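Note on naming: letters A, B, ... go to the chains in the order of the sequence lines (proteins, then strands), and numbering restarts at 1 for each one. Every value quoted in this text rests on a predicted model; they were computed, and no experiment measured them.
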2 protein chains.
Amino acid sequence: MAAQRDEGDEVVTGTPTAPGADRADGAPGADTAEHVEEPTALTRERARAIPEAAVARLAVYLRVLSGLAEQGVNTISSEELANAAGVNSAKLRKDLSYIGSYGTRGVGYEVEVLVGQIERILGLTRKHSVCVVGIGNLGHALANYGGFPGRGFPVTALFDVDPDLIGVPVGGIPVDHIDDISRVVAEREVSIGVIATPPKAAQEVCDRLVAAGVQCILNFAPVVLQVPDYVEVRKVDLAVEMQILSFHVARRADEATESGGGPDLSDVDGVVIRR
Amino acid sequence: MAAQRDEGDEVVTGTPTAPGADRADGAPGADTAEHVEEPTALTRERARAIPEAAVARLAVYLRVLSGLAEQGVNTISSEELANAAGVNSAKLRKDLSYIGSYGTRGVGYEVEVLVGQIERILGLTRKHSVCVVGIGNLGHALANYGGFPGRGFPVTALFDVDPDLIGVPVGGIPVDHIDDISRVVAEREVSIGVIATPPKAAQEVCDRLVAAGVQCILNFAPVVLQVPDYVEVRKVDLAVEMQILSFHVARRADEATESGGGPDLSDVDGVVIRR
DNA sequence: GCAACTTTGTGCCTGCGTTCACAAGCGGCT
DNA sequence: AGCCGCTTGTGAACGCAGGCACAAAGTTGC
């Protein structure tokens, strides 16, 4: 049982596996020992070495780069690209260095090359079949996206329990009953499952997905899913997002009343948090 | 111009959230300084001191606690709560310590008290009016959520540019034209704006929201929004989430072929370095 | 009232990710 | 051909967040 990541950030980093759970190798005292690896010989793309936060950013760079490519831009410097992606250029260069050295000093990066390399690292050279479970409001919206945002993620199966929905095509795909999940997932080689069910059903749906062989799950239900170690879960939690924003609204209100300022904070800037 | 966090993931996603990204306050070393303070007299919450990642987790704890409260649970230990929330208990206690000392040693936490305190910190004691811009598939789904996930976030305004939509009620609220955004936002005291438009329109919509006085934005459009420093942006980027999962799928495939093993990792030779 | 047990709150350490800053490398210009 | 300026790639420093482990504090039982 590993909990999934949470971060917040959005749905971001951190990888809280079960506390000491992994390290199945035994050797109780061994953990202090080796851990060093061989950083020099990072031959094959040691995907493992890329921090998850960097992966998320790579996806953003990719989108920006794709846009640039369409506009006919051939070359871009780290500074420009960093700007467009909203990060600092050092970070961008480090992120790109994780996937290899594809820049030309004194010039910048070739857009096409970068797009290709990032796609390769993110595994986008291959299509990943997606299924959506729970065809309510959100499920509908997701299904209708068709080839999911950014294409390369064809939705090939939809599931629900509602008898009225079974067989009805949504976004061109007929809804299957969730009891058939195992068969359908196998037939259509689904590699990513999206959970858009009510919270109560989420864990069971998750278990069924896992049992059907799905190892990557995107969870929209506001629950903490329990999954085996080898399953990758990412969650998108609207309630949490809203509450984080609420926190900031509150913070702002506090600061405003505290400093006597109006809603216009533009001039505050210099350390409001006395204490 | 401040870029928003990412994360991813924080997206958290994640955010992650990008750890140090915000921190508009400057005063780099300031936070390390006093931090000890008189825990007794931490009267008003100096919200700033709470790491964003912790805020995100507090929202999760809150949901778990609410569930427990409904089930009639009165008291819970950090260990149990941590389990339910999928984090480690030390982290949970540290997170809770950010908001004060509301536990009883030897006993645990009183569920009601914790719920109240977290709600206070997250600013949930007050309702935050939300508007949704872009009534397409996703916008529809969001509008239909009604009082947004977790209640306390009433959707009070919807905007679009499509003349066919204007005036049509969605989820009980008639759609306004985006040109009226400034007036409507002011009238209904919208404090949070949700962008669910196509990417091309997102930046302009964002600018209009900001101009209308909205300082917190939840962005579903796959673009990096440029906003003034004082505006808080969180993004939910489905494409990025999918691509992160894709990355993991690819990683998995690599490992499998590399070690010659099938999807079952349990039997491989010594070093699979899973995770 | 005291002792034993339980659980919180937190100081400290560790590790990761971000940032800085600079040497290395490449193209253009003379 | 050689020099100059620009941009990459990365070693090293820094800062923050996570995890451990323990003292403090409260409860229960005798």
Atom pair distance, as rounded to whole Å: [atom1] in [X] and [atom2] in [N]:
X       : N      : atom1 : atom2 : answer
A/Glu52 : C/dT18 : CD    : P     : 12 Å
B/Asn88 : D/dC20 : CG    : C1'   : 9 Å
B/Leu92 : C/dT10 : CG    : P     : 14 Å
B/Leu81 : C/dT6  : CG    : C1'   : 17 Å
B/Leu96 : D/dG18 : CG    : P     : 13 Å
A/Glu79 : D/dC6  : CD    : C1'   : 12 Å
A/Tyr98 : C/dC16 : OH    : C1'   : 9 Å
B/Asp95 : C/dG9  : CG    : P     : 12 Å

Check: [X] side chain, [Y] main-chain N or O, donor-acceptor pair, under 3.5 Å:
X        : Y        : value
A/Arg252 : B/Tyr230 : yes
A/Ser66  : A/Leu62  : yes
B/His128 : A/Met242 : no
A/Arg63  : B/Pro222 : yes

Query - Distance in Å, A/Glu52 CD paired with B/Ile244 CD1, rounded so as to fall on 0.5 Å steps - result: 5.5 Å

Query - Reported CG-to-CZ distance for the pair A/Leu124 and A/Phe153, which is rounded to 0.5 angstrom - result: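 Interatomic distance, A/Leu124 CG to A/Phe153 CZ, rounded to 0.5 Å: 5.0 Å.
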
Requested in this report: Kindly point out which of D/dG9, C/dT8, C/dT18 is positioned nearest to the side chain of A/Arg93?
Outcome: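 Between D/dG9, C/dT8, C/dT18, the one nearest the side chain of A/Arg93 would be D/dG9.
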
**Report entry** Residue B/Lys91, side-chain heavy atoms: nucleotide from C/dC20, C/dT10, D/dG19 that is nearest
**Finding:**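 The nucleotide sitting nearest to the side chain is D/dG19.
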
Query - Phosphate OP1/OP2 of D/dT8: any A/Ser78 side-chain N/O under 4.0 Å - result: yes

Query raised in the report: Where along residues 100-111 of chain A does a heavy atom come under 4.0 Å from DNA chain C, residue by residue in number order?
Result: A/Thr104, A/Arg105, A/Gly106, A/Val107

Query raised in the report: Going by atom types only, do B/Glu79 and B/Asn83 share a side-chain donor-acceptor pair under 3.5 Å?
Result: no

Query raised in the report: Donor-acceptor pair under 3.5 Å: do we get one between A/Lys94's side chain and the base of D/dT10?
Result: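 Answer is no: no donor-acceptor pair is held.
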
